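Every chain is numbered from 1 and lettered A, B, ... according to where its sequence line falls, protein lines coming before strand lines. Computed from a prediction, not measured in an experiment: that's the story for all the values here. Scope of the values below: all heavy atoms of this structure, side chains included, with no hydrogens, waters or symmetry mates.
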Amino acid sequence: MAKNESTQPEIARPYANGVVWRRLSPLATVLVLILVWHWITDWQLVSRILIPPPAQVLQSLAKALADGTLAKHAGTTLGEMMLGLPLGVSIGLAIGYAIAKAPLLEYILSPIIVAFQSTPIVAYAPLLIIIFGTGPSSKVVTTAVIVFFPTLVNTIVGIRGVSPRLRDLMRSLNASRWQIFRKLELPSALPVILAGLKTSATLAVIGAVVGEFVGSGSGLGVLVISARSQYDTPLVYVTVLTMTAIALSLYSLVALVEWRVLVWQRRST
Amino acid sequence: MAKNESTQPEIARPYANGVVWRRLSPLATVLVLILVWHWITDWQLVSRILIPPPAQVLQSLAKALADGTLAKHAGTTLGEMMLGLPLGVSIGLAIGYAIAKAPLLEYILSPIIVAFQSTPIVAYAPLLIIIFGTGPSSKVVTTAVIVFFPTLVNTIVGIRGVSPRLRDLMRSLNASRWQIFRKLELPSALPVILAGLKTSATLAVIGAVVGEFVGSGSGLGVLVISARSQYDTPLVYVTVLTMTAIALSLYSLVALVEWRVLVWQRRST
Amino acid sequence: MRLRLQQLAVSYPAPGGTLLPALGPITFDIADDEFLCLVGPSGCGKSTLIRVLAGLLQPTAGSAYCGDALIDRPLPDIAIMFQDANLMPWRTVLDNIALPLEIAGVAESERHQTVRELLPQLNLDGFELAYPAELSGGMAQRAALGRVILQQPRIWLLDEPFGALDALTREKLSLELLRLRQRSRQTIVLVTHDISEAVLLADRIIVLSRRPGAVIADIAIDLPRPRFAAMIYQPEFLRLTKQVRESIESLRD
Amino acid sequence: MRLRLQQLAVSYPAPGGTLLPALGPITFDIADDEFLCLVGPSGCGKSTLIRVLAGLLQPTAGSAYCGDALIDRPLPDIAIMFQDANLMPWRTVLDNIALPLEIAGVAESERHQTVRELLPQLNLDGFELAYPAELSGGMAQRAALGRVILQQPRIWLLDEPFGALDALTREKLSLELLRLRQRSRQTIVLVTHDISEAVLLADRIIVLSRRPGAVIADIAIDLPRPRFAAMIYQPEFLRLTKQVRESIESLRD
Amino acid sequence: EERILLTFIPNVQFAPFYVGIEQGHFADAGFDVSLDHLQEPEVLDLVAVGQANFGIVSGEQVILARSRGRDVIYIFEWFQQYPVALVHSAALDLSDLEQLRGLAVGIPGRFGASYSGLTTLLSSAGLTESDIEVKEIGFNAAEVVCLGAVDAAMVYANNEPLQIRNRAAAGDCGAITDVELITVASQVDLVSNGLIVGRSLLDSDPDSAARMAGALKAALRQAINNPARAYLSSLKYVDTLPNGASLVAELEAAAERQARFLASHPDRQAVAASRAELLRQLSQQFDPSLLAQFQVLLNTIELWDADELGFSDLASWEAMRDTLALMGFLGDELGDLADAFSNDYVLGGSE
Ligand SMILES: Nc1ncnc2c1ncn2[C@@H]1O[C@H](COP(=O)(O)OP(=O)(O)OP(=O)(O)O)[C@@H](O)[C@H]1O
Ligand SMILES: Nc1ncnc2c1ncn2[C@@H]1O[C@H](COP(=O)(O)OP(=O)(O)OP(=O)(O)O)[C@@H](O)[C@H]1O
Ligand SMILES: [Mg+2]
Ligand SMILES: [Mg+2]
């Protein structure tokens with residue numbers, strides 16, 4: 001099969017034909033997962049206390065939707081992410097670009113950068129609360145911190161991988177720095193940068209939620225802890241599935257951009 | 001400066017000369033950071049409650065080293081990481097490779113993969129403990145889970161970026177699948193995969209520590225909470241700095257491999 | 001081994017969902033041990049044809065056989081030299097040339113030995129540790145040629161192997177090719193834009209039309225062998241050259 | 001504008017910390033509006049010289065001037081066509097050719113218009129939306145040529161611009177080049193391995209020695225202009241061709 | 001091997017369990033005990049599904065979890081007093097809880113004992129949450145209070161106030177020089193932390209439940225009576241405890257003395273006085289930071305101590321249930337509260 005695919009000259013075809021199928025396949029996966037989940041609870045393979053049946057979760061979802069709980073908390077978390085994600089990503093892009101241009105910077109900055117990435121939030125929670133308060137801004141920070149690193153390292157590698165020949169071409173055309181970035185470096189590094197963004201986008205949810213764990217009045221992190229502390233397992237599931245849905249949407253968004261932008265790579269495979 | 005670097009034919013030079021400097025520069029950064037830290041506490045810019053003076057932290061470090069506390073807890077966490085990191089990374093490599101070869105898989109698996117990445121551990125803590133117990137194995141799992149994703153997405157992009165022309169070459173030489181992987185795909189995708197590993201390696205610490213938060217008797221995660229609860233801020237700092245040191249070592253290890261493996265890229269820039 | 005092309009045609013998918021006919025339909029045989037030169041306008045499908053014979057591209061219609069075997073995947077007896085040098089940027093010249101031996105499982109010391117013996121003929125001695133990005137255009141091409149030579153194939157598919165080389169090096173290497181072939185007879189399909197070169201080397205020259213390439217001339221070159229550079233001043237050589245040139249010039253628009 | 005090369009030499013760092021002398025020291029001038037052809041063995045430093053003149057490579061010794069200006073960075077009046085096509089794989093043919101206009105800030109509709117007018121001369125019409133990976137070797141080279149033409153430079157640096165082209169296309173494009181030059185006089189430095197082509201096009205041919213390249217012959221081509229393809233049968237042409245060939249053959253080892 | 005699931009992390013507050021292991025109370029009752037630390041909901045769920053026989057959680061968790069279908073029974077009340085309190089600067093006059101109105105009060109989040117405690121305090125003063133400004137500050141009360149980001153905060157009475165006080169005394173707590181406490185226990189008797197078992201254990205092996213309750217009771221009493229010994233027993237389990245040689249030597253001596261003193265069967269008041277005396281002696285020799293954890297132990301002992309250990313009464317359960325109802329946390333299956341706990345098993349043990 002794989003062999004056939006690469007020997008046939010009609011390379012663009014499978015993509016064109018497969019589009020509908022491909023778009024639907026994640027839904028199929030979700031359906032299968034729900035079925036498996038249903039069976040697990042139906043046959044009581046695991047206690048219902050630990051894994052509630054899908055129907056119960058659906059009911060809980062309906063309720064959380066109806067009384068606005070879910071919307072409120074998801075709204076908070078989304079709001080935090082929508083600031084933290086672009087913030088962290090842009091800093092990652094900027095510093096990553098700088099490091100790619102001046103490799104010494106990587107050595108100088110690595111202790112700081114790695115420290116940011118490897119310190120659990122509990123350790124600096126008091127600082128965070130004192131400096132940013134208990135409002136959304138501290139969660140924007142935790143999101144930005146967690147999101148920053150994957151974008152950074154992938155930007156470095158992406159920009160370093162730009163063809164030196166094409167750099168020569170741009171220089172010979174007297175292109176400005178900005179033009180070199182916009183017309184050469186960015187498109188050339190894009191596949192790798194987008195991979196970094198995929199990691200960043202899915203980590204963003206965790207970043208906001210973990211920030212909320214530190215101390216918050218609303219948000220999915222608060223909802224999940226509150227549901228857990230009230231032993232409302234179906235609501236825990238509703239909350240977690242909401243997080244996954246958000247992460248999956250962001251992931252899909254990046255995947256869509258990737259798909260659109262990399263026509264040339266698909267066509268030339 | 002940047003211009004000069006790229007117009008000079010003596011491309012390999014700056015690397016050769018700069019090696020010593022480069023190796024030392026992270027140390028310089030650490031020294032500067034400690035100085036800044038010292039001034040902050042010395043001039044009481046921030047309350048000592050939040051940031052203890054370096055001298056106090058050093059004292060605490062000496063004690064934690066002398067009585068073996070640090071070694072014991074760091075040992076636990078390291079042990080968890082040393083299993084979880086390779087586990088997560090190999091699964092990431094394997095699935096990433098499979099997805100790169102059969103793009104449909106990405107669509108099918110994405111809901112599951114993203115769910116793993118975006119679910120905070122609190123939500124599945126009971127299941128984790130029921131299945132893996134409270135021993136190190138549950139932390140191996142949390143480490144593997146957090147480490148898996150960056151390796152995965154970068155492997156996908158790396159393998160997809162392999163030149164179709166060189167694939168043709170390998171096929172025309174009747175290379176086996178394994179040879180194609182070993183001699184073409186791996187070296188070609190390596191820069192991107194190593195970037196994924198950089199993210200994974202630094203996340204590994206967080207993965208183990210967060211796993212310890214769920215429930216554990218020892219490990220740096222336990223130590224940091226224990227120190228927090230006793231308001232022993234210097235010990236909190238000692239623990240966090242240990243985590244950073246571990247993450248930095250792993251990061252440097254990957255960076256070293258990168259540096260060795262990518263001679264050709266440096267030579268041809 | 002005989003190569004047979006039967007109603008072979010290739011189309012590529014083009015932007016807009018249409019198909020771009022790139023080659024054929026084309027039917028001809030290449031005899032065992034024949035040295036065939038392919039000439040034709042740029043973009044007429046020469047490389048496409050070579051890729052089909054190498055088993056790297058499935059034709060859209062018709063088929064190609066090597067002996068009795070349908071070529072539907074790369075066959076072990078056939079080696080291809082691509083139009084671009086196609087070297088691995090992370091391998092040194094030595095390791096790039098040695099790649100076929102490496103894949104065949106030859107031990108490192110032995111394959112390095114073999115390559116080092118080959119390097120002087122390629123004028124690449126002293127560059128075994130250079131990376132492809134450090135080579136001139138012609139040097140990269142010579143490395144790629146070295147890689148094919150090491151495969152010792154029964155059938156050689158050479159896509160403009162001397163395109164980036166100066167006259168002297170070109171002459172040296174094409175004579176080297178003839179010499180190799182004289183020791184053990186092989187089938188060679190060579191794409192070139194140089195008519196004198198084609199006449200000097202080939203048993204037969206096939207001229208392709210503009211895209212989609214079809215055979216517009218099939219000229220037997222019955223110059224005696226062994227051939228040598230000075231032959232280009234012989235009247236018979238000039239006549240053949242003129243014949244090929246004329247069939248190409250008939251394509252002038 | 002006059003190009004002046006003064007004791008110009010380039011060495012590359014080689015594996016093992018040594019230096020590889022690639023070119024020179026070399027000293028000569030290229031007159032304003034001169035058409036200079038550079039020939040020489042593969043790996044003798046021709047591309048290196050072109051890159052120095054383009055301001056992309058700092059010489060290790062000596063210097064190059066354009067008029068009175070030291071060439072220490074790419075100058076706006078000078079355009080280079082690389083030995084490999086050097087197209088951006090993510091851009092269509094249209095956008096690859098239009099790149100210089102895009103960088104100069106020409107509006108999209110205008111630059112597309114300009115490129116579309118140029119495509120027929122390059123035999124690339126119908127391929128504006130193709131990606132480089134979908135082009136044949138010669139087509140990619142023609143796209144790269146189109147990109148230089150659009151720059152309308154005062155000084156052209158062309159590194160084997162017709163290397164991957166068949167005789168017909170080669171002829172067509174080189175005559176097109178002469179025509180362009182006749183309308184507004186320009187300085188052209190062209191690297192080629194084809195001696196007839198060099199004699200047909202050049203005012204002057206410089207033959208370089210083996211690496212590190214030094215001038216071993218500097219031959220003025222005083223054939224009348226305008227030139228045309230049929231000139232190759234004229235005795236004066238044959239005499240000049242022979243002269244160039246002989247100086248190259250003196251390099252034979 | 002018998003697992004007891006504890007919450008949080010190894011800490012001197014779990015001293016009775018260390019004492020029980022080190023001094024053989026569990027072994028005497030036929031148990032080879034190992035301790036695990038998990039988050040409270042995990043402890044409860046694992047006991048509910050029978051992954052472990054014994055766990056320690058707070059009473060409110062039992063009510064909440066039972067209202068969502070977990071059949072666990074509380075058989076031994078470990079903390080006699082609800083451990084949560086409101087801490088505030090001594091400069092702030094809160095003699096009447098009504099004065100909380102309009103103040104910023106920090107709690108870790110809207111869950112757990114702190115939140116229940118706050119709700120109870122407010123309702124006993126006739127206030128509701130909307131009368132004050134609730135700030136979710138996580139477990140960072142000491143820093144946040146000292147730096148003045150809140151006026152008061154809900155904390156564990158045995159730990160944070162001590163830490164803040166020590167800092168304030170050292171001039172390290174911003175403008176605050178001393179703090180005061182309003183304990184929840186001083187207002188309402190709420191059921192507190194205790195030992196839980198699953199229904200299936202009570203059905204299959206009620207005797208082991210009784211033996212465990214008895215062993216815990218004995219160990220707890222021992223910890224209360226001889227805190228120096230309890231601290232020393234904890235050293236092996238809590239490696240962040242101050243364990244300087246001179247402190248350990250002093251505590252060894254004190255433990256010996258206390259053992260002799262206990263042989264005379266002193267009453268509760270006398271024992272309490274002996275603890276206070278020991279602290280006074282130690283304070284003269286050791287830096288407050290070295291003694292902090294020992295002091296935490298003594299504070300905690302105040303919350304444990306009672307004439308009869310292990311018993312909980314229905315009224316404290318009802319008070320807790322009312323608080324939870326007020327918070328809107330109760331699920332739909334709230335059965336008879338009397339099924340949630342039992343004092344029968346405490347009787348099985350001996351002191
Ligand atoms: N991968 C591809 N996808 C789409 N079209 C292609 C592809 N490869 C080649 N073509 C088209 O097929 C035609 C023939 O290409 P081919 O490379 O075979 O020409 P060629 O005869 O080798 O030309 P040249 O002498 O310039 O190398 C061209 O029009 C080209 O655009
Ligand atoms: N980037 C580089 N690093 C190191 N050595 C190089 C580099 N580029 C070229 N060289 C060396 O410099 C010498 C001249 O190379 P150059 O590309 O100028 O040759 P050329 O005359 O253009 O040859 P050709 O006709 O084969 O293209 C060669 O020996 C080559 O190996
Ligand atoms: Mg071709
Ligand atoms: Mg060259």
Side-chain angles (χ1 to χ4, degrees), chain A residues 41 44-53 56 59-60 63 67 69 72-73 76 120-136 138-139 142 209-237 239, chain E residues 39-42 44-51 57-58 60-72 104 106-116 129 133-150 153 174 198 200 324 327-333:
Chain A
T41 54
Q44 297 257 22
L45 295 181
V46 180
S47 162
R48 289 199 184 175
I49 290 175
L50 299 173
I51 305 187
Q56 216 173 310
Q59 224 174 304
S60 178
K63 184 165 166 300
D67 66 10
T69 324
K72 175 190 147 204
H73 290 284
T76 304
I121 293 179
V122 277
Y124 55 90
L127 270 179
L128 205 63
I129 287 191
I130 297 292
I131 301 178
F132 296 100
T134 56
S138 60
K139 288 92 207 177
T142 56
V209 164
V210 165
E212 288 163 3
F213 287 169
V214 168
S216 185
S218 83
L220 293 173
V222 173
L223 189 58
V224 78
I225 293 221
S226 143
R228 186 78 194 104
S229 72
Q230 294 173 37
Y231 296 89
D232 189 349
T233 319
L235 186 57
V236 171
Y237 271 63
T239 316
Chain E
Q39 312 283 327
E40 217 167 18
E42 272 74 63
L44 198 132
D45 273 352
L46 294 195
V47 171
V49 301
Q51 284 272 320
V57 297
S58 58
E60 59 176 0
Q61 302 289 316
V62 175
I63 300 179
L64 288 172
R66 287 184 62 84
S67 80
R68 306 263 183 196
R70 277 96 167 149
D71 198 359
V72 295
I107 56 170
R110 283 186 163 79
F111 55 84
S114 305
Y115 190 36
S116 311
E129 253 181 64
E133 189 193 341
V134 174
K135 281 195 171 177
E136 294 88 351
I137 56 170
F139 294 95
N140 305 295
E143 287 86 355
V144 176
V145 167
C146 280
L147 295 171
V150 291
S200 55
L324 293 173
M327 292 153 68
F329 276 14
L330 286 181
D332 18 54
E333 298 172 34

* Part of E:I137 within contact of chain A (heavy atom distance under 4.5 Å) -> both

* Grab the two heavy atoms, one from E:R110 and one from A:S226, that are nearest each other, plus how far apart they are. => O-CB, 4.5 Å

* Asked: Salt-bridged, A:R228 to E:E42, with N to O below 4.0 Å?
  -> yes

* **Residues of residues 44-52 of chain A within contact distance of chain E, non-hydrogen under 4.5 Å** => A:S47, A:I49, A:L50

* Structure fact -> Comparing E:A142, E:A149, E:P41, E:A48 against chain A, the one with the most heavy-atom pairs below 4.5 Å turns out to be E:P41

* Asked: Between A:I225, A:I129, A:D232, which has the largest tally of heavy atom pairs under 4.5 Å with chain E?
  -> A:D232

* Structure fact -> When the 4.5 angstrom heavy-atom criterion is applied to E:E60 and chain A, the contacting part is neither

* To do: May I have the step-by-step check of side-chain contact (heavy atoms from CB on, under 4.5 Å) for A:V214 and E:N140, ending in yes or no?
  => CA-CA 9 Å; A:V214 168; E:N140 305 295; 4.2 Å; yes

* **Residue pair A:I130 / E:V144: nearest heavy atoms and the distance that separates them** => CD1-CA, 4.1 Å

* Can you name the side-chain contact (heavy atoms from CB on, under 4.5 Å) partners of E:P108, sequence neighbours left out? -> E:S114, E:F139

* Nearest-0.5 Å distance that lies between atom OG in A:S229 and atom CD in E:Q39 -> 11.5 Å

* State the CZ-OH distance between E:R66 and A:Y231, to the nearest 0.5 angstrom. => 13.0 Å

* Structure fact -> Sequence neighbours excluded, the answer for salt bridge (Lys or Arg N to Asp or Glu O under 4.0 Å) partners of E:E133 is none

* Looking only at heavy atoms, what is the nearest atom pair of E:F329 and A:Q230, with distance? -> CE1-NE2, 3.0 Å

* Best-contacting candidate, E:G109, E:G112, E:A65, against chain A by heavy atom pairs under 4.5 angstrom -> E:A65

* **Qualifying residues under side-chain contact (heavy atoms from CB on, under 4.5 Å), relative to A:S216, sequence neighbours excluded** => A:K139, A:E212, A:V222

